[in-house]
Amino acid sequence: MEEESELLKKRREKIDSLKADGIDLYPNDARVGDTTASVSERFGPMVPEELEKITERFTLAGRLMAVRDFGKGAFISIQDRKGSLQAFLRKNQLGEKTFSLFKRLDIGDIIWVAGRVFKTRTGELTIDVEENGLRLLSKSLRPLPEKWHGLTDVEIRYRQRHLDLIVNPEVRKVFHQRSRIISLIRRFMEERDFLEVETPMMQPRAGGAVARPFKTFHNTLGMNLSLRIAPELYLKRLITGGMERVFEINRNFRNEGISTFHNPEFTMMEFYQAYATYEDLMTMTEELFVHIVRELFDSPKFRYQGKEIDLTPPWRRLTVRDAVVEIGGVENALLDDAGRMADLARKLGITVKQSDPPGKVLMAIFDETVEQNLIQPTFVTHYPIDVSPLSRRNAQERTLADRFELYICGKEIANAFSELNDPVDQRGRFEMQLREREDGDLEAHEMDEDYIGALECGMPPTAGEGIGIDRIVMLLTDSASIRDVILFPLLRTRDGGEHLAARCPHDND
RNA sequence: GGGUCGUUAGCUCAGUCCGGUAGAGCAGCGGACUUUUAAUCCGUUGGUCGCGGGUCCGAUUCCCGCACGACCCA
């Protein structure tokens, strides 16, 4: 048995003493009528004389966050989901028994108080706790992080998010904002008559994007499955099914690296609208973003990591080619010469294979020279067909796709295109992807006969878009890392992942 | 995968360059205090210095490896 810490031992002693007095450490019969916010919003503005006339009694519950003890009286702070409020405990008012309970409480305990409101000399709204108006609802055995500096160790913050949420109010605020943003998006879509749907997370073939999947296995069916990398192919089957306008806000899983902008599971909204084009979606995207920031900030502008971002439409529109020339500083004529383009890519440190199609090399150059410079919202258009296996071909330029990506603060935020609904062309695109897969590209799209079968039934002309929800939340909460907007980001297990990896060999390689 | 930095008390951090087994604040514990709010005042407990090796009379400190994390790069 491992030696118990001094602090834990002291708490256990207190527990024994409370139990000896017949006090239930985890009762379940407390009724809570109010919140810290409901009380402070109503009475905060009142002067002491007005408060004296209030005879109403309030009941609050929450976590004991601070104690300022004066011997026969004490101020305490109670924190609930809405904020915190101060309460005043007086020995002669609480009664001997309840006051002795208070003396054995610890910061971190969940408590219940009842009493009337008043204002202290310093003007702070306070609950004057009544006789027997204090109860212990749940005993805390572990000390909380320090009250002033809070919890700053990011590893503990992510691994023990509960502690982070208890002591860091700005963290709670980020996740409230996240919920608000998603709710605004959902309402925006519903108002435009989009139907919210849910499509499979476990898919026989992970399609709809260019990425490596996580693989798993269904025992009863004896079937290999992948966690989805995108819902795209299923959503478009719904379009074929006549739903015409659908959206899904849900998790995607990509078996790739982790960075400040990448978590292996992340949240995307994808939506599809029949009888629309990618150009319609640019307008709609502008409207969506402006709607969100106006609701949040009452302005089309916001700051991210010191930069002011202005979402006032219309946003800049730029073809991939123009972007690489104007922003990347690449000579225009070079882009028509596959050999020179590959040389440039290699000079930029990009690994180029002989078999790589020119469009793929162009996009690698774009990623290297342009992406991080697109700070203000920018639609990049005219993507090469080579890297757009599910997009409609441009009517004039047959090697280009009717597609855009949205960049803000140097990061890809959305990807959209007019959908390829010609099953013959689609089969050809899949075959091209298969050749890339044979050349060693593990991210290349697989052949999906079921999807082609659906296209053969006739899919209406449609445009679709995917928007990275985590990244929007990062931008709008000024968060530097995606881990700050995901409650439980993926981290390595503490005891080292090596033996676990050995026991569960993965078949992705 | 590579580079840089980090890991010391429950938490926030010193100390390590220049080797002699550790300090502060908060929390905790004891005492005083019934309008404080990082309450105050007096006293005080608490540490396998991330883990494993090596060098050395002696390692938290120097060297090597590993784990975990952060940032950057691929």
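These numbers come from a predicted model, not from an experiment. The basis for the numbers below is simple: all heavy atoms, side chains too, and nothing from hydrogens, waters or symmetry mates. Residue numbering restarts at 1 for every chain, and letters A, B, ... go by the order of the sequence lines.
Looking at A/D106 and A/S140, their side chains never bring a donor and an acceptor atom within 3.5 Å of each other. Side-chain N/O atoms of A/R403 and A/S391 include no donor and acceptor closer than 3.5 Å.
A distance of about 43 Å separates the P atoms of B/C64 and B/G28, rounded to the whole Å. Annotation: B/C66 and B/A27 have their P atoms spaced 42 Å apart (nearest Å). Straight-line distance between the C1' atoms of B/G47 and B/U7: roughly 15 Å, to the nearest whole Å. Nucleotides B/C62 and B/C26 are separated by 30 Å at their P atoms, to the nearest Å. Remark: the separation of the C1' atoms in B/A59 and B/C51 is 15 Å, to the nearest Å. Nucleotides B/G53 and B/U61 have their P atoms positioned 13 Å apart, rounded to a whole Å. Look at the P atom in both B/G46 and B/G25: the space between them is 16 Å, to the nearest Å. Comparing B/C68 with B/G31, their P atoms sit 46 Å apart, to the nearest whole Å.
In the interface, the side chain of A/E124 is not paired with the base of B/U35 through any donor and acceptor atom under 3.5 Å apart. A donor-acceptor contact under 3.5 Å is formed by the side chain of A/T120 with the base of B/U36.
Backbone-only contact: A/G150 has heavy atoms under 4.0 Å from sugar-phosphate atoms and none from a base. A/R157 comes within 4.0 angstrom of nothing in the nucleic acid, heavy atoms only. Using a 4.0 Å heavy-atom criterion, one finds that A/E368 contacts the sugar-phosphate atoms exclusively. When heavy atoms are screened at a 4.0 angstrom cut-off, A/I156 is found touching the sugar-phosphate backbone but no base atom. Counting any heavy atom pair closer than 4.0 Å across all strands shown, A/Y158 reaches sugar-phosphate atoms only and no base atom.
The nucleotide whose nearest atom lies closest to any side-chain atom of A/E146 is, among B/C13, B/C26, B/C71, B/C26. Of the listed nucleotides (B/C71, B/A70, B/U12), B/A70 has the atom at the smallest distance from the side chain of A/L491. Relative to the side chain of A/F75, the nucleotides B/C71, B/U36, B/G28 differ in distance, and B/U36 lies closest. Proximity note for A/K147 (side chain, C-beta onward) versus B/U45, B/A27, B/G69: the nearest is B/A27. For A/R492, whose side chain is taken as the heavy atoms from C-beta onward, the closest listed nucleotide among B/U34, B/G28, B/G69 is B/G69. Taking every side-chain heavy atom of A/L7 into account, B/A27 is the closest of B/G25, B/A27, B/C29. In this structure, the nucleotide among B/U12, B/U36, B/C29 sitting nearest to the side chain of A/T126 is B/U36. Here B/U12 is the nucleotide among B/G69, B/U12, B/A27 with the atom lying nearest to any side-chain atom of A/L151.
Listed pair A/K14 / B/C29 meets the phosphate criterion, a side-chain N or O lying under 4.0 Å from OP1 or OP2. Considering only side-chain N and O atoms, A/S259 lies nowhere under 4.0 angstrom from the phosphate OP1 or OP2 of B/C71. Between A/R159 and B/G69, a side-chain N or O to OP1/OP2 separation shorter than 4.0 Å is present.
Contact check on A/R316 versus A/E326 returns a salt bridge, with a Lys/Arg side-chain nitrogen under 4.0 Å from an Asp/Glu carboxylate oxygen. A salt bridge does not link A/D439 to A/K353: none of the charged nitrogens lies less than 4.0 Å from a carboxylate oxygen.
We find the CZ-CZ distance between A/R228 and A/F253 to be 7.5 Å, quoted to the nearest 0.5 Å.
Within a 6.0 Å radius of CZ in A/R251, other residues, nucleotides and ligands contribute 12 heavy atoms or fewer.
For residues 50-70 of chain A, proximity to RNA chain B is found at A/R68, A/D69, A/F70, defined as any non-hydrogen atom under 4.0 angstrom from a strand atom. Using a 4.0 Å cut-off on heavy atoms, the residues of residues 90-102 of chain A that approach RNA chain B are A/R90, A/N92, listed by number.
Along RNA chain B, the nucleotide nearest to A/A74 and the one nearest to A/P143 differ in position, and the one closer to the 5' end is contacted by A/P143. Comparing A/I258 and A/K72 along RNA chain B, the residue whose closest nucleotide (by nearest heavy atom) sits nearer the 5' end is A/K72.
Following rounding to the nearest Å, A/R121 (CZ) and B/U35 (C1') show an atom-to-atom distance of 5 Å. Atom-to-atom, CG of A/L125 to P of B/U36 comes out at 16 Å; the value is rounded to the nearest Å.
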- Message: Show, in sequence, the C-alpha distance, side-chain angles and deciding distance for A/E56 and A/R42, and conclude whether the salt bridge (charged side-chain N to carboxylate O under 4.0 Å, His left out) test is met.
- Response: CA-CA 12 Å; A/E56 228 175 304; A/R42 203 171 135 204; 2.6 Å; yes

